Structure formats: structure tokens, C-alpha cells
Amino acid sequence: MSPLALAIHTPSPELGLALGQEARIQKQQTWELGRELSSHLQVYLAEFIQPYTWTDLTWIAVAKGPGSFTGTRIGVVTARTLAQQLAIPLFAISTLAAIAATQSDLPPDHDRAIQLPAQRGEIFVGIYRPQPGTGDLVPVLADTTLSPDRWQQTLATWPDPYTLIQTEGNLGHTVTGVFTLAATAWQQGQRPHWSTAVPFYGQHPV
């Protein structure tokens, strides 16, 4: 059997799961869970991977944030626990990079400027550049938190062509981006240890 992989997305109110082999997603599903994520995640995971078992998994990928503090933490902790117990690689993928990876209809020579609402009047931002022929995305502006004015100044002086992608709300469907980017890294020979997967919150929770 080809390597089986699981991707998990929890930084938004919508849980997203994807299961596939190699770089091909076999199935993907989302659930609107909100604050019930912590009590339902394990149940949905166990049902979703059927008819496979946990030991069939070759690697796991998880959205590491930015996004909801609680949702991000729950997803990363769950993925770390699974990867540790199964002794398999764990890919921690930026929420913003996953959004960028789902934008397949954009000009290939355009950077992807991703904008996501944060707390206290700020926004999460990052800029990603597609790599020709690889399906990979390289961060040319690492994920960070800025004021809207500072972000506009950054874009106004950005030296390369870009497309602005503004998102908010439920992002569970971008678990496909989490899977795709992790599959690319797997095919490149990367095998990250579960302990290297840490959440990126972007802001202090209070």
C-alpha cells in the first residue's frame, strides 16, 4: 500500500480532516464544531480514518496556526501525541501557507499575500511564493501580526507582483492545503520529528 497520511486543521471554528496516499487526497471533510472541538475531535478522527487503522498511517500533518489559540493548541497537541505514539513524522504547516496552497487559479508568477483577522484590531499576514515545478511555497514574508496600516504599507512597497487573499471565518476546507504542502515535503525526503511541531499563535491569548 502507498504511504497513507492524515492532515488535521483546527485553527478555525471548523474542523477539517483529509486522508490520502502519496500526493492524492482520497477524502476530505469539515465539521462546524466551535467550542466543542476538544470534546469531539477524537471521535471524528477515529471515525474518519476508517476503514484504516492508526498503524496504517505513514505521516501526519497539522495546521500550526495562526488562528484560534485554543483550536490551534488542541490540534497540534493531538497531532504530536499521535505521531509520538506511532513513531511517524509530523509536518506542521502554516495556516496561511495552507490557504495559499488552495489558490490554484492564481497567476503562477504572483506572490500570495495572505490576510487573516486577528484580535485587538490586528491581522495575521504572510506572503508566499510558488516554486515552479515543485508545488512548494516559500515564505518571502514570514507569518506575523501587523496593524492594517502597517500591512497596507508593506503591500504598497512590495517589489514583486502579488495577489492579495483576504480570508476569515471557517477555514477547515484548507486542510487540503495542509495535506498538499506536507505531501510535497514528504516527497522531497523531509521526515520531521514530532517534537519539532509547535503552535504559532501570532498573538498572546489575552
Side-chain angles (χ1 to χ4, degrees), residues 1-102 104 135-137 167 169-201:
M1 185 179 71
S2 299
L4 184 72
L6 171 71
I8 303 170
H9 189 293
T10 61
S12 82
E14 188 177 63
L15 167 65
L17 299 177
L19 189 73
Q21 293 176 304
E22 297 293 349
R24 183 173 62 87
I25 296 174
Q26 293 180 331
K27 63 176 180 176
Q28 178 262 329
Q29 192 169 348
T30 60
W31 298 264
E32 175 69 39
L33 294 183
R35 295 180 181 275
E36 297 181 347
L37 174 67
S38 60
S39 56
H40 289 79
L41 177 57
Q42 299 293 341
V43 174
Y44 282 115
L45 277 170
E47 293 177 350
F48 184 74
I49 67 167
Q50 295 179 8
Y52 301 105
T53 66
W54 295 117
T55 55
D56 291 323
L57 293 175
T58 304
W59 55 264
I60 297 173
V62 64
K64 67 175 182 178
S68 160
F69 178 86
T70 301
T72 299
R73 178 178 55 81
I74 291 171
V76 172
V77 168
T78 299
R80 281 170 58 102
T81 301
L82 286 171
Q84 180 184 19
Q85 293 300 314
L86 298 170
I88 59 177
L90 173 58
F91 296 88
I93 305 296
S94 159
T95 304
L96 304 184
I99 295 170
T102 63
S104 58
D136 201 4
L137 291 168
T167 62
N170 290 334
L171 297 171
H173 66 281
T174 64
V175 70
T176 57
V178 175
F179 185 98
T180 299
L181 291 175
T184 298
W186 169 268
Q187 291 173 333
Q188 292 172 348
Q190 298 181 38
R191 302 292 186 267
H193 192 263
W194 64 265
S195 62
T196 65
V198 295
F200 175 76
Y201 298 119

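These numbers come from a predicted model, not from an experiment.
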[atom2] on [Y] to [atom1] on [X], rounded to 0.5 Å:
{"X": "I8", "Y": "Y44", "atom1": "CD1", "atom2": "OH", "answer": "15.0 Å"}
{"X": "I93", "Y": "L181", "atom1": "CD1", "atom2": "CG", "answer": "5.5 Å"}
{"X": "W31", "Y": "L17", "atom1": "CH2", "atom2": "CG", "answer": "4.0 Å"}
{"X": "L33", "Y": "L15", "atom1": "CG", "atom2": "CG", "answer": "5.5 Å"}
{"X": "Q85", "Y": "T55", "atom1": "CD", "atom2": "OG1", "answer": "13.0 Å"}
{"X": "W59", "Y": "L86", "atom1": "CH2", "atom2": "CG", "answer": "14.0 Å"}

Over all heavy atoms of both residues, which pair between [X] and [Y] is shortest? Give the atoms and the distance, please.
{"X": "Q187", "Y": "E22", "answer": "NE2-OE1, 4.3 Å"}
{"X": "L19", "Y": "Y52", "answer": "CD2-CD1, 3.7 Å"}
{"X": "P89", "Y": "W186", "answer": "CG-CZ3, 3.9 Å"}
{"X": "W194", "Y": "R80", "answer": "CZ3-NH2, 3.2 Å"}
{"X": "F48", "Y": "Q29", "answer": "CE1-CB, 3.9 Å"}
{"X": "A18", "Y": "I25", "answer": "CB-CG2, 4.3 Å"}

Could you list the residues that satisfy side-chain hydrogen bond (donor to acceptor under 3.5 Å, both in side chains) with [X], not counting sequence neighbours?
{"X": "S195", "answer": "H193"}
{"X": "S94", "answer": "Y128, D143"}
{"X": "T174", "answer": "H9"}

Mind checking whether [X] and [Y] have side chains closer than 4.5 Å, heavy atoms only?
{"X": "W54", "Y": "L45", "value": "yes"}
{"X": "L41", "Y": "T78", "value": "yes"}
{"X": "P66", "Y": "L96", "value": "yes"}

Next on the checklist: Checking the side chain of S12 only, and the main-chain atoms of L171 only, is there a donor and an acceptor separated by less than 3.5 Å?
Outcome noted: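 Answer holds: yes.
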